[in-house]
Amino acid sequence: MFRPAIVKRLGEEELFNPGHPACHGCGFSITLRHILKAAGKNTIFVVPAGCTSIVAGTMNKATFRVPFYHTPFAASAAVGSGIIEALERRGRDDVNVIVWAGDGATYDIGFAALSGAAERGHNILYICNDNEAYMNTGIQRSGGTPRGAWTTTTWEGKREAKKDLIRIMMSHNIPYIATATPAYPLDLYNKVKKALSIRGFKYLHVLNPCPPGWRIDTSLTIEVAKRAVLSGAWILLEYEDGRLRLNPPSNTMLEKRRVPLEDYLKIQGRFKHLFKPENKWLLEKLKNDIDEMWNWIKEMLAK
Amino acid sequence: MERVRRKYVLTGNYAAAYAALHSRVEVVAAYPITPQTTIVEKIDELISKGEYNTTMIRVESEHSAMAAAIGASAAGARAFTATASHGLFYMYENIWWAANSRLPVVASFVTRALAPPWNIWSDHQDVYALRDSGWILFLARNAQEVYDLIIQAFKIAEDDEVRLPVGVAHDAFIVSHTSEPVEMPMQDEIDSFLPPPEHIKPLLDPENPVSVGNLPTAEQHYMLRKNIWDCIIYSLSVIRRVGREYTELTGRNYGELIPAYKTEDAEYILVTSGAMGGDAEDAVDVLRDMGIRAGHLSIRLFRPFPHDELIDKVADSKAILVFNRGVSMGLGGVITADIRDSISKEALSIPVYDFIVGLGGVEVSKDDFIKAVHDLKTGKLDMKKTYYLMGGEYV
Amino acid sequence: MPEVMYPIAKPAPGSAGKTGYWRWQKPVIIREKCTRCGLCWIYCPDSAYELDEEGYPIVLYDWCKGCGICAHECPVDAIKMVDEYGEG
C-alpha cells in the first residue's frame, strides 16, 4: 500500500462526515477535517451560533463523529470552562475540549467570555474560525472584517481596520497562540497537536476563505488562502512563552519578499471597488494596516 | 424519635450556600450581584477552608455563570449557580438553553426588582420571567425552606424521568440577609437521601459521541418542547415523592406543594408566595379573632403549577384573594392568572380577586391583607379590577 | 411515565442528504498523470476523497459537491472538471 508522507502523518480516519450542508468550497470545512485528525476521538467540540451550527447537521444525522455541544452565541468559552472542570473532577485528562467559534463569536459577541476563560487559564483550545464576516447570516461586517472589504453592512467597503485579536490574546499571557490557514494543512495540524499537548488556555486563529462571502470562485479557496499568506495579509506565527516565531512561508517575508497585495485582493469580489480611482485612499490604508502589522512583527522579533 | 441534627443561625443566602455544598455539588459557577453575592462568598469561603470538595468557577458575567454550569452539567457534573434580577436577565437565553438541553442544573435566585431606577429590594418580577422556560421553580418563604428545597431540587432535577433544571427563589433581604435558625440533616443522612453525582448521565461522552442541539425539523422541535411538558407535568409526582422522603428524613412537611394555613373551614383564602406568607398568616389569625374564617395558601411550587392541590384546598371557599409581588403589565397579577386558570378548568364559580403588592421592595404587612378581606366583605371590590395595594391604601 | 427526549443526534454521513446532487461539474481523475501526492484528498472540504491501495484518489460522488478545489490545486493537472449534465 502506497501513501505519501503527509497522508500518513494526517491519518485517513475522517471524524468529519461527508454529506454535510456547508457551501461549495467551504474553507473552514477543510480546516475542521484536519483539526479533528489532530485532536482525535477523545475530543469534545463546543460551538456557538454560526456557520458550524448548520454544518454540524440535523437531529437525524450529525456531521461530527465526536461529542458536540451547540451553545448560545456568546457562551462558548464559558461552556468550555464548565466542561473541562467537570472532566477534571472525573479524572478525564485524556479528553480535549475545543471551542470552535466564528469571528463574530470571537471578536464581537463572545469576546468577554473568551477573555474570561483565557484569564482563568482553563485548559481548553479556543479556535477562531475567521472568515472575516458574519457569513451564516449573510455576510455582515464583524470586528474581524478587514478594512476596505465589502459586506452587506459595508457597501462601500469597511472603513475601520480589522481588530488585532492576536495581540489582544498575547496580552492575556496564555501559554500558546498560533495562526493558520487550510492552505498549509501540516502547519495547521502540527499547531493543533502542539496546542493540545500544552496545559492551560490555548488560542488558535485560522483564516478560512468563504467563497460566497469573499466573492470568489468555489475552486479558489486554497488559492486565495495561499495568496493571503504570500502577500503578507495573513501571517503564520506562533507565540509561546512570550516568544514570537514566524512559520514558513511567512518567515521568509521579513525583508519585503511579499507578492503584491493586489494579487490577493484582485481575485476577490469583496475588494473589487478598491481598484476604482476614488477608492485608492482606502486601498492605501489597508496596505498601511498590513505594513504596520509587519513593523510590529519585526520589533517583536528584534527583542 | 430524637435525631442528632446540625442547627445553625443562618441567613437565607448562607442556607443556600450550605444546601448546595451539603448536596455535594461538584461545580459552582457564579458572578456577584446584590443580593445574591453572599451565597457565592460563603461557598468560596467554605471550599477554601477545605471543608468541601467543590470546584468554583469565578466567571466574568452571569451569562457565563449559567453557560459554565450548563457545560459542567452536560459533561455529567452536579452543577449550581446563583443570581438575581439583572444577572438573571443577563443569563436569560442560557436559562432556556439549560431546560431545552435537559440539564439538571440547580440555581438559587434571590428575587430583586428590575431597573431603572436601580433598586436592590425584593419583588418577584425577575423569577416570574422564567415561568415558561421549562424550569421547575420554587418560591421559598424562609431560610429553612431555602435550605430544604435546594437539597430536594438536585434530586428532582436529576430524576431520570424529569431531567429539568430547578430554581429555588427567595426574597431579597427579607430572607436573603435575615438570620434565622436553620436545622440541617447530618451529611450521612443527606447522602442517603441524595445519590452521589456519579449517577448523572453525561450528554457529552467520547465513548458515545452525540451532537446536542443540531437542527430539528419543526415537528421534532415541537415534540421536544412537548416532551418537556410531559416531564414537567410528571415531575409533580416526583416532587411529591421527594418531598415525602425529605419529610421522612427531617420531620418537616414537604408533602404539600402549596402549604396551607387554616384553610380547612376557610371562607376567604389569601394566596401569597415567598416571604410575605408569614404576614399573611398573622393576618389570618387577626381575622379569625374578629370572627372571619380566613385561611392562607403559599404557592411554594410555582412551576409546574400544582393545580389539583390548589383545587383541593380552595374548593369549599367563598372567595380567593391573590397577592402578587409581580404584575403582567396589561393583564394583572402573575399568580392571579394561574389561580383563575385552575378555577376555570374546574368550572368553579369561586370569585378570584387580584392584588399587586410589594413591588420594588415595598413592605407588605398583615394590615394589607386585613384591609383586602374587609373591603371584600363590605362589597367594595370589583373582580374585574387589579388593586395596587401599598401601605394599607389603594394607589 | 414519560421518557425524556434529549435534543441529540448520532453521527452519520449525509446530514444534508446526498450532496452529490448539488454538483454541476464533477472531478475526473486522469490516472496516467496522477503522481499520488494526496493534495486532492487533503484539500477536499467534503471528506469526498479516499485513496485506493496504490494511493490513487477515488472520488466519492455521493458526497462530492463539485467545488473544483481539487482540480485547481492538482499540481500536475490530473483532475479535470467535467460538466455533469452536458451543454445547455
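Each chain gets a letter, A, B and so on, in the order the sequences are listed, and its residues count up from 1.
Most heavy-atom pairs under 4.5 Å with chain C, from the set A/I222, A/V66, A/V7: that is A/I222. In terms of non-hydrogen atom pairs under 4.5 Å with chain A, the most contact-rich of C/P7, C/P13, C/G55 is C/P13. Ranked by heavy-atom pairs under 4.5 Å with chain A, the first of C/G14, C/C64, C/S15, C/A16 is C/S15. Counting heavy-atom pairs under 4.5 Å between each of A/G25, A/P211, A/A56, A/P182 and chain C puts A/G25 at the top. Taking chain C as the reference chain and counting heavy-atom pairs below 4.5 Å, the highest number among A/E14, A/H20, A/K226 is found for A/H20. Ranking C/G68, C/S47, C/C70, C/A9 against chain A, the residue ahead of the rest is C/S47, based on heavy-atom pairs under 4.5 Å. Counting heavy-atom pairs closer than 4.5 Å to chain C, the top residue among A/G57, A/P21, A/C26 is A/P21. Contacts with chain C were tallied for A/P185, A/G27, A/C23; A/P185 has the most, counting heavy-atom pairs under 4.5 Å. Heavy-atom pairs under 4.5 Å with chain A peak, among C/C37, C/P11, C/A71, at C/P11. Heavy-atom pairs under 4.5 Å with chain C peak, among A/L220, A/D217, A/T31, A/T218, at A/T218.
For A/F16, the parts sitting under 4.5 Å from any heavy atom of chain C are the backbone and the side chain alike. Proximity to chain C involves both the backbone and the side chain of A/E223, based on heavy atoms less than 4.5 angstrom apart. Interface remark: C/I8 contributes backbone atoms only to the contact with chain A (heavy atom separation under 4.5 Å). Residue C/K18 does not touch chain A at all, counting heavy-atom pairs closer than 4.5 Å. Heavy atoms of C/C44 lying under 4.5 Å from chain A belong to its backbone as well as its side chain. The parts of C/E53 that come within reach of chain A are both its backbone and its side chain, each placing non-hydrogen atoms under 4.5 angstrom from that chain. Heavy atoms closer than 4.5 Å to chain C are found nowhere in A/H70, neither backbone nor side chain. Only the side chain of A/R3 comes within contact range of chain C, with at least one heavy atom under 4.5 Å from a heavy atom of that chain. Using a 4.5 Å cut-off between heavy atoms, C/D52 contacts chain A through its backbone alone, with no side-chain atom that close. If you measure heavy-atom distances from A/I6 to chain C, the contacts under 4.5 Å come from the side chain alone.
The number of heavy-atom neighbours closer than 6.0 Å to NZ of A/K194, taken from other residues, nucleotides and ligands shown, is above 12. More than 12 non-hydrogen atoms from other residues, nucleotides or ligands lie less than 6.0 angstrom from CD of C/E84.
Because its NZ or CZ atom is both nearer than 6.0 Å to the ring centre of A/F2 and within 45° of the ring axis, C/R36 counts as a cation-pi partner of that residue. Judged by a 6.0 Å distance limit and a 45° cone about the ring axis, C/R23 is not positioned over the six-membered ring of C/Y61.
Scanning all heavy atoms of the two residues, the minimum distance from A/W234 to A/V206 falls at CZ2-C, 4.4 Å. Contact record, C/L51 with C/I58: C-CD1, 4.3 Å, taken as the closest heavy-atom pair.
Aromatic ring orientation, A/F271 versus A/Y264: tilted (interplanar angle from 30° to 60°). Between C/W24 and A/H24, the angle of the ring planes lies from 30° to 60°, which puts this pair in the tilted group.
Under the 3.5 Å distance criterion, with hydrogens and angles disregarded, a donor-acceptor pair is assigned to the side chains of A/K191 and A/N247. Defined by atom type and a distance below 3.5 Å, a donor-acceptor pair is present between the side-chain atoms of A/T52 and A/W100.
Rounding to the nearest 0.5 Å places SG of C/C74 at 8.5 Å from NZ of C/K33.
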Practice item. Kindly determine whether A/S250 and A/V229 satisfy side-chain contact (heavy atoms from CB on, under 4.5 Å), including the steps that lead there. Key: CA-CA 7 Å; A/S250 297; A/V229 173; 3.7 Å; yes
